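Structure first, commentary second.
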Amino acid sequence: MKILDRYLGMAVATSTLIVMLVLIALFFFIDLVDQLGDVGKGNYGLAEAIQYLLLVQPRNIYTLFPLAALLGSLLGLGWLASNSELLVLRAAGISLGQISLSVMKVGLLMIMAVTFIGEVVAPASEQYAQSLRSVALSNRITLKTDYGFWTRDGTSFINIRTVLPGQRLGDINIYEFDDTHQLRVATYAKNAHFKKGRWMLEGIIQSRVSEAGVDTRQVARATWESLLSPDLVNVLSITPERLSTLELYKYIDYLHNNGQDAKPYELAFWTRLSWPLTTAIMTFMAIPFVFGSLRSTSMGQRMLTGSLVGIGFYLFNQTFSQIGLVYNFNPIFSALLPISLFFMLSLILVRKIR
């Protein structure tokens, strides 16, 4: 069985890698065309656009891998079927279950590798890419650090510890300097939200520095005139796609503790947890397509069918997720129903194989 595992595994892994490279190249050029619209703004040139796209590719690998696993399995097994190698294996007494198990073993190894990319590499590289892009476009927002985001607004320097959805900020420090680069005012605000074209600060502690000393006062709320627009802040906001599973869990707990809506993040959390299962099912779905009624069809027809199935699953999954958010479905139900239906479809097709 080890020889069979290696042989089938190599065929499936090689074809999956080829499909992944093709998909990544396709999406890279599509994204490049989209980024060209921003080339020339600020310091954002072609080199910065390419650097940004390279940094977001780990996320694309993670997102596209279920489709690549399906197409790669179809391509690898279909090639073996075209050469009658699968027929020889069946004639030699190798059962469909043994072949399926060999395919799923290599699928599990690939899932582990891509999960590492999606959970460890992608969140860090994508957040870094967004920061670099915002720096080049705005000339004001700096890179993300362990102490939040730093931005310059004229002679003021602003530190934002937390960027929340809905044009809201948390833990803001504003340091105002004079023309001689001396600190004159240090302001801390617990929260801020954008309303009617300006920022509204809440929970303010302000210290004024002068030759006579430091004068500190507390203010419940005040307006804040700043060049820092919500559009610029949005590139730093926390979106579910940019977070790892652990970060999602911590952020959901944070939202619950602050009485805020966490449904989009809960859905993203359970979708992320079900991602390995989704990929495994997509890999398994190639089995009935190769051994079933499509075994006498051409490679192109197999790939077309696999593409339609993969795209159909993606569209159904995305649509049902949005429906779940609109109608307040349980996030676990919204995340697991699409893959459960496709798993049952796979089992039905396998049972039809004679």
Side-chain angles (χ1 to χ4, degrees), residues 13 16-32 34-35 38 48-72 107-137 141 143-146 148-149 162-165 234-255 262 264-283 310 313-314 317-318 321 331 335 339:
T16 300
L17 178 60
I18 293 173
V19 172
M20 177 58 73
L21 291 175
V22 172
L23 290 175
I24 289 298
L26 176 62
F27 276 80
F28 181 89
F29 284 107
I30 292 176
D31 292 339
L32 179 60
D34 182 61
Q35 291 298 315
D38 291 329
E48 287 73 21
I50 293 177
Q51 182 183 17
Y52 167 78
L53 292 176
L54 290 175
L55 287 170
V56 300
Q57 291 315 303
R59 172 64 58 201
N60 286 341
I61 292 174
Y62 184 79
T63 303
L64 295 172
F65 186 73
L67 178 59
L70 172 61
L71 297 180
L108 178 60
L109 293 176
M110 292 189 295
I111 288 172
M112 292 173 61
V114 178
T115 298
F116 176 80
I117 293 175
E119 293 294 328
V120 178
V121 179
S125 67
E126 189 168 21
Q127 291 178 22
Y128 183 63
Q130 294 292 340
S131 297
L132 288 180
R133 185 175 185 273
S134 65
V135 170
L137 287 173
I141 299 178
L143 299 181
K144 179 182 179 182
T145 70
D146 294 336
F149 300 98
T162 307
V163 180
L164 301 171
N234 284 339
V235 303
L236 306 175
S237 62
I238 302 175
T239 60
E241 296 79 12
R242 298 181 192 173
L243 300 178
S244 65
T245 302
L246 180 59
E247 289 172 331
L248 277 171
Y249 177 80
K250 292 180 178 179
Y251 193 62
I252 290 170
D253 185 61
Y254 168 82
L255 292 176
Y265 296 90
E266 291 176 343
L267 177 60
F269 175 77
W270 288 106
T271 301
R272 188 71 61 81
L273 284 183
S274 65
W275 180 90
L277 182 59
T278 300
T279 308
I281 292 174
M282 297 295 277
T283 303
F313 171 78
Y314 176 81
N317 191 31
Q318 295 295 315
S321 296
I339 62 176

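Just so it is clear, the model here is predicted, and its values are computed rather than measured.
Identified under the salt bridge (charged side-chain N to carboxylate O under 4.0 Å, His left out) test for residues 50-67, with sequence neighbours left out: R59-E126.
The shortest non-hydrogen separation linking P66 to T279 is CG-OG1, 3.6 Å. The heavy-atom pair separating A69 from T283 by the smallest distance is CB-OG1, 3.4 Å. In plain terms, the two heavy atoms of L55 and A129 that are nearest each other are CB-CB, 3.5 Å. Considering all non-hydrogen atoms of both residues, F65 and M20 come closest at CA-CE, 3.4 Å.
The salt bridge (Lys or Arg N to Asp or Glu O under 4.0 Å) search around D38 returns K41, R133, not counting sequence neighbours. Listed by chain and residue number, nothing satisfies the ring-ring contact (aromatic ring centres under 6.0 Å, His included) test with F27 (two or more places apart in sequence, or in another chain). Not counting sequence neighbours, D34 has no partner by the side chain to side chain contact (heavy atoms under 4.5 Å, CB included) test. Take L246 and apply the side chain to side chain contact (heavy atoms under 4.5 Å, CB included) test, not counting sequence neighbours, and it matches S244, K250. For W275, the ring-ring contact (aromatic ring centres under 6.0 Å, His included) test picks out Y62, with sequence neighbours left out. Here A262 pairs with I252, L255, H256, E266 under the side chain to side chain contact (heavy atoms under 4.5 Å, CB included) rule; sequence neighbours left out. N317 pairs by the side chain to side chain donor-acceptor pair (under 3.5 Å) definition with nothing, not counting sequence neighbours. With sequence neighbours left out, the side chain to side chain contact (heavy atoms under 4.5 Å, CB included) criterion links L277 to I281, I339.
Here the OG1-CG distance, from T16 to L70, works out to 9.5 Å after rounding to the nearest 0.5 Å. Atom CG of residue L248 and atom OG1 of residue T271 lie 9.5 Å apart, to the nearest 0.5 angstrom. Here the CG atom belonging to L23 is positioned 12.0 Å from the CD1 atom belonging to I18, to the nearest 0.5 angstrom. Within the model, atoms OH of Y265 and CD of E247 stand 12.0 Å from one another, a figure rounded to the nearest 0.5 Å.
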Exercise. With side chain to side chain contact (heavy atoms under 4.5 Å, CB included) as the test, would you mind laying out the steps for T278 and F313 before giving the verdict?
Key: CA-CA 10 Å; T278 300; F313 171 78; 3.4 Å; yes

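Heavy-atom neighbours of Y314 OH from other residues, nucleotides or ligands within 6.0 Å: at or below the threshold of 12.
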Kindly list each side-chain donor-acceptor pair under 3.5 angstrom involving residues 110-123, sequence neighbours excluded, with atom names and distances?
unit_1	atom_1	unit_2	atom_2	d
T115	OG1	I111	O	2.6
E119	OE1	T245	N	2.8
E119	OE1	T245	OG1	3.0
E119	OE2	T245	OG1	2.7

